[in-house]
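Written below as structure tokens is the structure these notes are about.
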Amino acid sequence: MQNPRSSRWFAPWALLPSGWCRDVLMEGDAAGNLVRVVPDTDPGDATRLNGVVIPGVPNVHSHAFQFALAGKAERAGPSRADSFWTWRELMYGFLSDLDPDGIEAIATRLYRAMLARGYTSVGEFHYVHHDVDGRPYADPAETSRRLLRAAETAGIGITLLPVYYEDGGFGGAPAGPRQSRFLHNPDGFGRLLQALAPDFGSRPDRRLGIAPHSLRAVRPDRLTEVLAALNDLDPNAPIHLHIAEQPREVADCLDWCGKRPVELLFDTTAVDSRWCLVHATHLSDEERRAIATCGAVAGLCLTTEANLGDGLFPAESYLAEGGSIGIGSDSHVCVDPAEELRWLENGQRLITGRRTVLADEPGSSVGTGLLQRVCRGGAAALGREIGAIAAGFRADFVVLSDEFESTAEAPATLVDRWIFAPAGIRVVDTVVGGRSRLVN
């Protein structure tokens, strides 16, 4: 049973867009939005929050069903040449008997796990549309609606991103039989979006976007058609795309058209702040600068990228060029924003031989800076007014506490410890739309 919605909260410390502030009063409305945030004030009759308050973290990239597969693909194959591509075959096999009830049950458990660790919203990159034999369900939006119901049951905000998937490789190569649950043509996909649109309306806890799966699954001309179908519904809706995750993907694209995937995308499509380019691991300098300067968000999934052997995103250079980032849990081998941020910074330390690589400036808290970056970028990627404790934003926030010592005088230190040395640091409450969402 969901806890009732509060309307006034008092935080001894809260991370506002301007930085750390003391004695912060937050007031929300009946719709779950913040209408007033005032630092350096008295609590009055507000609910006192027992810890340091940070914005709820957006999770920009999720394949919910893969939560049930996490940890079950860690045995060496016969050739000992395991990679993303061998993992993908295991994932296809897992889908052979997954039904809508299973999708909903897995997603509900996953979304509750996200809330317990500090995620308050999710971008669900959803591509299991059809039955196990590839035939559409009687309701073509069956599995999409199961994910919406899972999000509502758990109490997490959601940006649903139905996936357009047509091809089995670059240049329109035929899809394989194990991909049949994913496939659409432009007309069918347009009907899916039209069918889903009424489930969103003006609800502040939901947003509808799309996810062309990748340039190996969607030819550039088809991408144009799919974007037109989305624009007919909402010309500002989010667009997410897997890109340049694996060296083989880059090599295959070069073999087909003589261009790298990000280069091809920018040559054929207008990429702007609506876009979240997921992974974007293997970039030329020119591609990296193009993403950084166009307003798109790089959707980084550090624990999944490590698990699959994808590689490390060039974060130091990208952020120095003004690029935006968000984090996602992707295949859910880890469902913890603090660990994603730890991998983000520590990966850069491993390749540079330096510490505090992604700090904003000398003397600044690495953890606070990274948290603020991924909250801003995640909000943009999910197309919702989230990721900040400020009037006009959703009342989505997380309360962190230290089991062993008072941190009332050092909130940035607590956030750094939550990310880099988390023993003893707990998420004691997660509030979404003004309601406490933790399940005791």
Side-chain angles (χ1 to χ4, degrees), residues 59 61-75 86-115 119 122-168 175-185 187-200 206 208-214 217 240 242 304 308 328-333 335 439:
N59 184 331
H61 191 63
S62 166
H63 304 299
F65 77 90
Q66 292 179 15
F67 186 45
L69 180 63
K72 298 177 182 176
E74 305 304 322
R75 294 179 180 272
T86 57
W87 172 87
R88 189 176 74 158
E89 291 304 311
L90 294 172
M91 182 267 289
Y92 287 166
F94 175 78
L95 286 172
S96 62
D97 60 358
L98 184 64
D99 63 13
D101 287 343
I103 288 171
E104 182 178 350
I106 294 165
T108 302
R109 292 197 301 271
L110 169 65
Y111 296 158
R112 285 175 170 156
M114 289 182 185
L115 291 165
Y119 289 119
V122 61
E124 187 57 50
F125 197 110
H126 170 54
Y127 56 86
V128 187
H129 298 295
H130 309 312
D131 208 339
V132 294
D133 58 4
R135 289 183 294 180
Y137 292 103
D139 173 9
E142 173 74 29
T143 56
S144 295
R145 292 195 167 110
R146 295 302 190 104
L147 291 164
L148 293 176
R149 190 156 68 189
E152 186 149 25
T153 300
I156 199 167
I158 187 168
T159 296
L160 183 67
L161 301 157
V163 169
Y164 185 81
Y165 199 120
E166 184 175 5
D167 303 326
R178 302 184 92 185
Q179 297 167 318
S180 64
R181 301 194 71 177
F182 316 154
L183 304 180
H184 274 108
N185 59 38
D187 289 343
F189 191 71
R191 289 193 295 272
L192 173 65
L193 296 181
Q194 292 286 346
L196 281 170
D199 293 15
F200 292 81
R206 292 179 177 177
L208 178 63
I210 64 167
H213 180 272
S214 59
H240 290 218
H242 291 131
T304 291
L308 297 178
S329 55
D330 194 353
S331 68
H332 316 300
V333 291
V335 185
V439 178

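If you read the sequence from its start, that first residue is 1, and numbering goes on from there.
Contact check for H332 versus L110: side-chain heavy atoms found under the 4.5 Å cut-off. Side-chain contact between R181 and H129: absent, with no pair of heavy atoms (C-beta onward) separated by less than 4.5 Å. By the 4.5 Å heavy-atom criterion applied to side chains, L95 and V128 are counted as neighbours. Contact check for M91 versus Q66: side-chain heavy atoms found under the 4.5 Å cut-off. Side-chain contact between L148 and E152 is absent, with no heavy atoms from C-beta onward closer than 4.5 Å.
Between the side chain of D139 and the main chain of A141, a donor-acceptor pair closer than 3.5 Å is present.
Considering CD of Q179 and NE2 of H213, their distance stands at 8.5 Å, rounded to 0.5 Å. Between atom OG of residue S180 and atom OH of residue Y92 there is a gap of 10.5 Å, rounded to the nearest 0.5 Å. Within the model, atoms CG of N59 and CD1 of I156 stand 7.0 Å from one another, a figure rounded to the nearest 0.5 Å. Atoms CZ and CE, from F67 and M114 in turn, are 8.5 Å apart once rounded to the nearest 0.5 Å. R88 CZ to R178 CZ: the interatomic distance, rounded to the nearest 0.5 Å, is 10.0 Å. Atom CD1 of residue I103 and atom CG of residue L98 lie 4.5 Å apart, to the nearest 0.5 angstrom.
The closest side-chain donor-acceptor pair between Y111 and E124 falls under 3.5 angstrom. Between the side chains of T304 and S331, at least one donor-acceptor pair of N or O atoms lies under 3.5 Å.
Using a cut-off of 4.0 Å between Lys/Arg side-chain N and Asp/Glu carboxylate O, D101 and R146 are scored as salt-bridged. Salt-bridge formation is not detected for the pair R206/D199: no Lys NZ or Arg NE/NH1/NH2 atom is positioned less than 4.0 Å from an Asp or Glu carboxylate oxygen.
For H63 and H126, the ring centers are positioned 6.0 Å apart or more. Taking the ring centroids of H130 and F182, they lie at or beyond the 6.0 Å cut-off. A centroid separation of 6.0 Å or more is found between the aromatic rings of H240 and H61.
By the side chain to side chain donor-acceptor pair (under 3.5 Å) test, D99 is found to be paired with no residue, residues two or more places apart in sequence or in another chain being considered.
Closest approach of L147 to I158, counting heavy atoms only: O-CD1, 4.1 Å. Heavy-atom minimum distance, V163 versus F189: O-CE1, 3.5 Å. Across P162 and L196, no two heavy atoms sit closer than the pair CG-CD1, 3.8 Å. A73 and L90 get closest at one heavy-atom pair: CB-CD1, 3.8 Å. Residues F200 and L160 approach most closely at CZ-CB, 3.8 Å, considering heavy atoms. The two atoms that bring P100 and T143 nearest to each other are CG-CG2, 4.3 Å, heavy atoms only.
Aromatic ring pairs are classed by plane angle as parallel below 30°, tilted from 30° to 60° and perpendicular above 60°; the pair Y127 and Y165 is tilted.
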